[in-house]
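Before I ask anything, let me first share the structure, which is written out below as structure tokens.
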Amino acid sequence: MTTPTPSAAAGPALHSAVLDWYSQHGRDLPWRDPDCTPWGIYLSEVMSQQTPVARVQPVWERWLQRWPTPAALAADSPGEAVRMWDGLGYPRRALRLWESARVMVEQHGGQVPRDHEDLLALPGVGAYTAAAVASFAYEDPRTVVDTNVRRVLARTVTGTQHAAPALTAAEMRLAQASMPADRDDANAWNAASMELGALICTARSPKCLECPVVHLCAWQLAGRPEHEGPARRGQAWHGTDRQVRGRIVQLLRESPDPVSRGALGTAWPDDESKLERCLAALVDDGLVEPRGGDRYSLPS
DNA sequence: TAGGCGTGGCT
DNA sequence: TAGCCAAGCCT
């Protein structure tokens with residue numbers, strides 16, 4: 001089966017403009033420090049999945065201070081990882097981080113693996129994170145495709161306001177075809193195109209007046225056409241299982257000791273069956289551990 | 001492959 | 001104000 005080549009891709013002019021912009025305007029994030037370890041970079045990538053940088057940074061500092069290596073984290077309890085996760089959201093990421101630290105100790109000599117396939121095999125690591133760690137920690141220029149890159153390419157190359165709701169094969173091919181040939185440029189492009197999407201080419205109100213590539217942006221040249229097709233539906237929140245789960249885990253995070261079933265009931269007083277279902281699901285997920293005596297805690 | 005999975009800041 | 005949105009992953 002043949003894979004069609006994209007009719008257009010980011011070229012040298014786009015590359016150099018974005019790379020120049022990044023060298024001047026890229027944020028001075030601690031995990032971009034040349035002395036940052038692969039473990040520090042790995043932590044930053046997982047924490048940043050669906051969570052803004054501003055909230056990640058203080059938690060990242062605390063994690064790295066307490067657990068400077070994969071072995072240090074693996075030697076602690078998964079519950080402590082969930083507790084230290086604080087309010088970053090999606091606490092299963094903390095659990096998978098702990099599990100992946102154990103895999104690093106048992107299978108990779110206590111190091112973040114270099115090999116792309118080994119990275120992809122870690123729990124909680126998908127296509128984006130594997131490529132990002134390979135590129136940013138080990139200068140292995142994999143194609144990094146996150147929501148920022150997708151939006152930047154959708155606008156500058158494809159000429160549409162938004163990328164598709166979910167990553168498509170065509171987008172992946174476009175991103176691969178858009179990588180600079182030079183290895184160092186490719187790694188810098190991965191960071192720079194993400195950064196442009198995060199700071200300038202934003203989803204809601206893009207700062208086109210400040211954009212370094214506004215003069216060659218396909219969406220701009222087409223007159224900034226409005227998004228066509230069905231409106232993207234946001235996630236429901238109030239009254240969902242996720243809200244209830246969040247409250248239960250928050251109660252357990254804030255308590256140094258196991259919490260009684262009765263006390264957990266305050267997480268959702270109006271619907272006992274919903275609370276019971278969410279608690280059971282959390283236990284099933286490994287985020288909550290029954291301790292006997294009708295008490296519960298984070299996993300030990 | 002569409003939907004579940006947290007949290008909080010911004011407009 | 002009430003959505004919208006944020007460096008995704010997993011099933």
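Side chains are part of it too, since the values below use all heavy atoms of this structure and drop only hydrogens, waters and symmetry mates.
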Would you indicate what A:Asp241 reaches in the nucleic acid, counting non-hydrogen atoms under 4.0 angstrom: base, sugar-phosphate, or nothing? sugar-phosphate
For atom C1', what is the distance between C:dA6 and B:dC5, given to the nearest Å? 14 Å
Is it true that A:Arg245 and A:Asp285 make a salt bridge, defined as a side-chain N closer than 4.0 Å to a carboxylate O? yes
Indicate, with a heavy-atom threshold strictly under 4.0 Å, whether A:Leu29 touches base, sugar-phosphate, or nothing. base
Atom pair distance, as rounded to whole Å: NE2 in A:His238 and P in B:dG4: 17 Å
Once you round it to whole Å, what is the distance between C1' of B:dT7 and CZ of A:Arg245? 14 Å
Can you tell me the Watson-Crick or wobble partner of C:dC10, both distances under 3.5 angstrom? B:dG3
Taking for each residue the nucleotide of DNA chain B bearing the nearest heavy atom, is the 5' side occupied by A:Ala166 or by A:Leu287? A:Ala166
Work out how far the C1' atom of B:dT1 is from that of C:dC10, and round it to whole angstrom. 12 Å
Side chains of A:Ser193 and A:Tyr22: is there a donor and an acceptor less than 3.5 Å apart? no
Between A:Ser205 and A:Gly246, whichever has its closest DNA chain B nucleotide further toward 5' is A:Gly246
Regarding C:dA6, purine or pyrimidine glycosidic angle vs 90° from 0 gives anti
So what does A:Arg96 touch, heavy atoms closer than 4.0 Å: a base, only the sugar-phosphate, or nothing? sugar-phosphate
Taking atom C1' in both B:dG8 and C:dT1, what distance in whole Å separates the two? 16 Å
Please determine, by modelled atom types, if A:Tyr128 and A:Gln49 share a side-chain donor-acceptor pair under 3.5 angstrom. no
Nearest whole Å is fine: how far is B:dG8 P from A:Trp85 CH2? 14 Å
Using Watson-Crick or G-U wobble geometry with both distances below 3.5 Å, tell me the partner of B:dG8, or none. C:dC5
For A:Leu122 and for A:Asp146, locate the closest nucleotide of DNA chain C by heavy-atom distance; then report the residue assigned to the nucleotide nearer the 5' terminus. A:Asp146
What contact category does A:Gln250 fall into here, base, sugar-phosphate, or nothing, at under 4.0 angstrom with non-hydrogen atoms? nothing
Separation of B:dT1 C1' from A:Met172 CE (nearest whole Å): 18 Å
Integer-rounded Å distance: B:dG8 C1' and A:Gln57 CD: 17 Å
At under 4.0 Å, does any side-chain N or O of A:Arg253 touch on OP1 or OP2 of B:dT7? yes
Nearest-Å distance, CG (A:Leu95) to P (B:dG6)? 11 Å
Heavy atoms of chain A, cut-off under 4.0 Å: which first and last nucleotide of DNA chain C, 5' to 3', fall inside that, if you could look? C:dG3 to C:dC10
Within the structure shown, what part of the strands sits under 4.0 Å from A:Arg150 by heavy-atom distance: base, sugar-phosphate, or nothing? nothing
Thinking salt bridges, do A:Glu80 and A:Arg83 make one under a 4.0 Å N-O criterion? yes
Over all atoms of both residues, closest heavy-atom pair of A:Pro30 and A:Glu61: CG-OE2, 4.0 Å
Taking the ring centre of each residue, are A:Trp63 and A:Trp85 less than 6.0 Å apart? yes
Please answer: with hydrophobic residues joined when any side-chain heavy atoms are less than 4.5 Å apart, are A:Phe136 and A:Met47 in the same cluster? no
Output the rounded distance in Å from CH2 (A:Trp237) to P (B:dG3). 19 Å
Give A:Pro165 one of three labels, base, sugar-phosphate or nothing, depending on what nucleic acid heavy atoms sit under 4.0 Å from its own. nothing
Once hydrogens and angles are ignored, does a donor-acceptor distance under 3.5 Å link the base of B:dG4 to the side chain of A:Arg242? no
Assign A:Ala203 to base, sugar-phosphate, or nothing according to its heavy-atom contacts below 4.0 angstrom with the strands shown. sugar-phosphate
Which whole-number value in Å describes the distance from A:Asp284 CG to B:dC5 P? 12 Å
Would you kindly check whether a donor in the side chain of A:Thr51 faces an acceptor in the base of B:dG6, or vice versa, at under 3.5 angstrom? yes
Can you check the distance between B:dG9 and C:dC9, where both ends of the measurement are the P atom (answer in whole Å)? 24 Å
Sticking with atom C1', work out how far C:dC4 lies from B:dG6, rounded to a whole angstrom. 15 Å
Side-chain contact, heavy-atom cut-off 4.5 Å: A:Arg224 with A:Gln220? yes
Which is more 5' along DNA chain C, the nucleotide nearest A:Pro123 or the one nearest A:His162? Just name the residue. A:His162
Under 4.0 angstrom, heavy atoms only, what part of the nucleic acid is A:Val249 near: base, sugar-phosphate, or nothing? nothing
Would you call A:Glu195 and A:Arg32 a salt bridge, taking side-chain N to carboxylate O under 4.0 Å as the test? yes
